[in-house]
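These notes concern the structure reproduced below.
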Amino acid sequence: MQATVQAQPNIALIKYWGKRDAALNLPAAGSLSITLDALHTRTSVRFDDALADDDIVLNGKRDEAQTRRLGAFLDLFRTRAQVDTRAHVESTNDFPTGAGLASSASGFAALAVATDHALNTNLTPRELSILARRGSGSAARSIFGGFVEMAAGTRADGEDACATPLLDADEWPLAVVVAITTRAAKATSSRDGMEDSRRTSPFYRDWIATVHADLVDARAAVHARDFAKLVDTSEASCLTMHAVMLSTRPGLVYWNAATVDCIHRIREMRRTGTAVFFTIDAGPQVKAVCLPEHAEAVASALRDVHGVEEALVSGLGAGARIIEADG
Ligand code: PMV
C-alpha cells in the first residue's frame, strides 16, 4: 500500500529548546506554535516486499545518515504493525531544508501520517503526534493545523508528550512573513544545539522555568485573540531562547546581520502602528507574525532590509493530511 501526504512547517511562538530525555525526544517544557500554509513537504511511502533495505530519497538525493535516521523512525511503525517490510520513501520540500524553516517538523509529520496509512496502523492524531515527536520534537505539532500546544508530559515513556490543537487556522487567521536571509543549511542542528545548551548554558534551568508562565499567557492570548498580549510573550520567549543559545559553550550564534536588522525594522513598524512581532528559530531567518491586512506592508519593508533574499507571505494552514493513497 502506498500513501502521499502533505504537511506544513510550524513556527513556535513559545519555544521548545531542551529535552528531558534525548533518546525518546521528550521536551523539558511545553511549547505553542502556528502551522503555516505556504511552505510544503510532500512525502510518499510505499512498502515493498521485494526491497532488502529502505530506499529513502530526500529532495532528490539519497544520504546514508538520513536513511539511518528515517529507517529507525519507520521501525517504530513496523514494530506496531508487526511487519518487517522495507519501504520506498520520497520526500520533497518546496523551501530550503535544514535552514531554520522547520523542515524536520513538516518532514516527520508527513512521514508519520504516510507510514500509518501505508501500513494500515490506523493511529489516532494523538498517537501520530507522539510518534512524530520521536523523529523531531517540533514534528508533533505539525500533525495539527492552526494554533497548537505541545505538552512536555511527565511520564517516562513519553505517552503524554504530544500536541493538541487550540484553534483552527480560520478561527484567528494571522499571517506570517518569512524573511529568508540565507539558503545555506545551519552549522549546528537543533538536536545537537539544544543538548549542548542543556549541558553548558548557565541560564538553561532558568529558561526552562520561564516556559510555563509564557504558555499560560500565550494560551490565554490565543483564546482571546489578543494580539498585543501575544506580541509580548512571543518576543520574550524567542529572545530568552536565543540568550540560552548565546550562552551555550561554544556559543550558538544563529543570527546574521540581516536577522538583527529585521528585528529593528519590525519593532520600528510596530512603533508606527503596525500589528507585527518577530520570532526566530535555530537559524537566521526571521518570521514576522502580523494581522493579514499588514502582511504586504511587512513583506515589502523586510525585502528592503539589506541581506534579505526573499520575503514570503503565508497564512495559517492545516495539519498533515493524505493527498493520494491506494491499496
Ligand atoms: O524539533 P526540532 O529538533 O526541530 O527543534 C525545534 C527547535 C526550535 O525550532 C528552535 C524551536 C521550536 O519550538 O520549534
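As a basis for the values below, the full set of heavy atoms in this structure was taken, side chains included, without hydrogen atoms, waters or symmetry mates. Treat the numbers as computed from the prediction; the structure is a model and nothing was measured. Order of listing sets the numbers, starting from 1, for every ligand and every atom in it.
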Below 4.0 angstrom, N of the basic side chain to O of the carboxylate: do [X] and [Y] qualify?
X      : Y      : value
Lys15  : Asp214 : no
Arg46  : Asp48  : yes
Glu195 : Arg199 : no

When only distance counts, is [X] in polar contact with ligand 1, meaning an N/O pair under 3.5 Å?
X      : value
Lys19  : no
Arg141 : yes
Asn10  : no
Met245 : no

Is any side-chain heavy atom of Leu316 less than 4.5 Å from a side-chain heavy atom of Phe147? yes
With the side chain counted from C-beta on, respond yes when Arg134 and Phe108 share a heavy-atom pair under 4.5 Å apart, and no when they do not. no
Whether Phe227 and Phe277 hold their rings parallel, tilted or perpendicular, with breakpoints at 30° and 60°: tilted
Testing Thr181, Asn256, Leu312, Val308 for side chain to side chain contact (heavy atoms under 4.5 Å, CB included) with Gln285, which one passes? Thr181
Can you find a side-chain donor-acceptor pair between [X] and [Y] that sits under 3.5 Å?
X      : Y      : result
Ser103 : Asn93  : no
Ser247 : Ser201 : yes
Gln8   : Arg321 : yes

Under a 4.0 angstrom heavy-atom cut-off, which atoms of ligand 1 come close to [X]?
X      : value
Ala12  : 12 (C), 13 (O), 14 (O)
Ser104 : 4 (O)
Ser136 : 1 (O), 2 (P), 4 (O)
Gly137 : 1 (O)
Ala282 : 10 (C)
Trp17  : 10 (C)

Could you identify the single nearest non-hydrogen protein atom to [atom] and state the distance to 0.1 Å?
atom                   : value
atom 9 (O) of ligand 1 : Asp281 OD1, 3.5 Å
atom 7 (C) of ligand 1 : Tyr16 O, 3.6 Å
atom 3 (O) of ligand 1 : Ser190 CB, 3.6 Å

Any non-hydrogen atom of [X] lying under 4.0 Å from ligand 1?
X      : result
Ala105 : no
Met194 : yes
Ser31  : no

